[in-house]
Number of protein chains: 2
Amino acid sequence: MKLSWDDMRTVMCLVRGESLAGAAAELGLNYTTVARRIARAEASLGVALFDRLTDGYQPTEAGVLVANHAAKMEAQTDTLMRALQGRDATLRGPLTITAPQLLIAHVLTPVIDQFCMAYPDVDLHVRATNDLLDLNRREADLAIRISRDPGDSLKGLRLTAQQSASFATPALARAIADDPTRSVDWIVYADYMAVPKNVDPSYPNHRIRMTFDDMVAIRAAAQAGLGVARMPLFLGRASDGLVQVPILPPQPYPDIWVVAHRDVWAAAKVMAFREMLVPFMRGQRAQFIA
Amino acid sequence: MKLSWDDMRTVMCLVRGESLAGAAAELGLNYTTVARRIARAEASLGVALFDRLTDGYQPTEAGVLVANHAAKMEAQTDTLMRALQGRDATLRGPLTITAPQLLIAHVLTPVIDQFCMAYPDVDLHVRATNDLLDLNRREADLAIRISRDPGDSLKGLRLTAQQSASFATPALARAIADDPTRSVDWIVYADYMAVPKNVDPSYPNHRIRMTFDDMVAIRAAAQAGLGVARMPLFLGRASDGLVQVPILPPQPYPDIWVVAHRDVWAAAKVMAFREMLVPFMRGQRAQFIA
DNA sequence: GCAATTACACGCGTTTTCGCATGTCCGCGT
DNA sequence: ACGCGGACATGCGAAAACGCGTGTAATTGC
């Protein structure tokens, strides 16, 4: 009736991963090892933790119980790791940052490069994604986010305000300018199935031509001349083949923040990055507002 | 920067055990293994967790940090184990009970024997000690305690009230009866450096002859005729060579309880023991009160 | 209806981990 | 001063854990 802590973690990963292979991937192990550990855990507890079904391992009630407790232990290790990281005064070793794909591509590359040059002993991992990584679970140490506030349990600094506006190809822009009453084709976000508010009333006719769930795709569609897209000023200005059109005057858009968990906010590497990022972004403010 | 959960546990045990050997004993490992795990933990974290001094391993600030978080994880595993145990509906496997030394010796032996006969598949461990074992940390599953209430987070059932009284050898008892004014020598608890309250006023002269921190020793001294001792009725009555003396009339004494953690209270083995214990103790009540 | 895929069990050879024996350093008491 | 015991380091052989390859059953896709 004595269970290894690592075996508890394995049980948790198997419940979470829903298959030996999934758990093994999360643990960085071969799936046979996961199977063996589960067998050992069940033997030492004398309780079945999983039902072996044809399509995989299905946790029993007891298995879920173990997994839930292990999850709390994992939260504890996350807290510990953050605490250790927050104490770390060195400018060596790994640092993971995350930012929206397009912000990295069009704005942040220089400051990332500058940081790597200045601190060659830091091995910087950049996770360019639009998903919000969980800083509590240490998926990243520092995040640059577009949002209205830094969020709970996170510490943040507002880097700049920004605005959005409407963009299209020069040809389409000219056509609309020539005939403001023609119907304007919009390319919009999938979950925002409407023409943007506050469009200039000189352009009375609109329709939604297509929707995407990804800004890269929206921009590509706009660059292909398929319609007008609303996007942050920095993005439209940095995109070849697009010009700003006056249909939608510059609108408020969520601010850009740099955020980190409170525990790691003061870590040397996190501070060093921030101290390079903040003045850099201050110098770039003109890109973001009209 | 990835630390095995078992290594965290090892760090905690080393901080707690204060030497490789102490930690190894707690973990059931060889001390070399502990040393290796600590070295591995430090390597993977890149932080010194212990200072190697000539007289052993001294935890650094970071080591204490790790140990504190591991302690919280341990509490979590304890909770889990109790939960699993509470779900256990079998009457097989280990069951650990604890009770005061003298209560086992003079009262409980028959019911313990009865239980072992009735449930031969349960391997019962009895921890006869006056220390209060920590039921939260699963040092025992069920405890029989002499106290005024079951205590926080524990569930309990009052088995019987009891009283204390004064006991001495028959010779000493006669001598005092012959001359109530002679000075009565008392043998008392070390931390209770006073003659018991509520002594019969017919015996006006008292002095404390000696103190002990252990009831077995007090009884032995009384049996050797060194003086009068206050003890629970059941104990004095069951002790060869002692008779009750009327100096101290029967006094209230803390009740006897059976207690267990709430999580394991309803476990099959715990219930089975309780269901044997409760009627047994009911039958023994006359032993405990005048 | 048959190939491809997913998910797992099993056996074998390798790597890692572990326990034991030995050696060193140091403080302590005689 | 010298022996003794506690606490740790080190090297070696044994044991445990692991990864890989193969085999099987059920499901999916064409």
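Naming: A, B, ... by sequence-line order, numbering from 1 per chain.
- Atoms OG1 and NE2, on B/Thr77 and A/His69 in that order, are 10.0 Å from each other to the nearest 0.5 Å.
- Using a cut-off of 4.0 Å between Lys/Arg side-chain N and Asp/Glu carboxylate O, B/Lys269 and B/Asp141 are scored as not salt-bridged.
- Put simply, chain A comes within 4.0 Å of DNA chain D, heavy atom to any atom, from D/dA17 to D/dA26, going 5' to 3'.
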Where do A/Leu84 and B/Val66 land on the side-chain contact (heavy atoms from CB on, under 4.5 Å) test, with the steps shown first? CA-CA 8 Å; A/Leu84 286 172; B/Val66 174; 4.3 Å; yes
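- Residue pairs satisfying the ring-ring contact (aromatic ring centres under 6.0 Å, His included) criterion with at least one member in residues 7-45 of chain B, sequence neighbours excluded, are absent.
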Report, one pair per line, the protein and nucleotides 24-30 of chain C atoms (nitrogen or oxygen only) whose separation is under 3.5 Å.
none

If you apply the rule side-chain contact (heavy atoms from CB on, under 4.5 Å), what do you find for A/Val34 with A/Ile38, and how did you get there? CA-CA 6 Å; A/Val34 176; A/Ile38 298 301; 4.3 Å; yes
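- Between the side chains of A/Ser4 and A/Asp6, no donor N or O sits under 3.5 Å from an acceptor N or O.
- With hydrogens and angles ignored, the 3.5 Å screen pairs no side-chain donor or acceptor of B/Asp51 with any backbone N or O of B/Leu53.
- Checking side-chain atoms of A/Arg209 against main-chain N and O of A/Leu226 turns up a donor-acceptor pair under 3.5 Å.
- Here C/dT5 presents its C1' atom at 14 Å from CG of A/Asp55, a figure rounded to the nearest Å.
- In this structure B/Arg137 satisfies the salt bridge (Lys or Arg N to Asp or Glu O under 4.0 Å) test together with B/Glu74, sequence neighbours excluded.
- Whole-Å rounding puts the B/Asp7 CG to C/dT16 P distance at 15 Å.
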Can you check each nucleotide of nucleotides 17-23 of chain C against protein heavy atoms at under 4.0 Å and return B for base, S for sugar-phosphate only, - for none, in 5' to 3' order? SBBB---
Return all side-chain donor-acceptor pairs below 3.5 angstrom for residues 91-104 of chain A, not counting sequence neighbours, or 'none' if the list is empty.
from	atom 1	to	atom 2	distance (Å)
A/Thr98	OG1	A/Arg127	O	2.8
A/Gln101	OE1	A/Asn130	ND2	3.4

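- Phosphate contact (OP1/OP2 of C/dA9, side-chain N/O of A/Tyr57, threshold under 4.0 Å): present.
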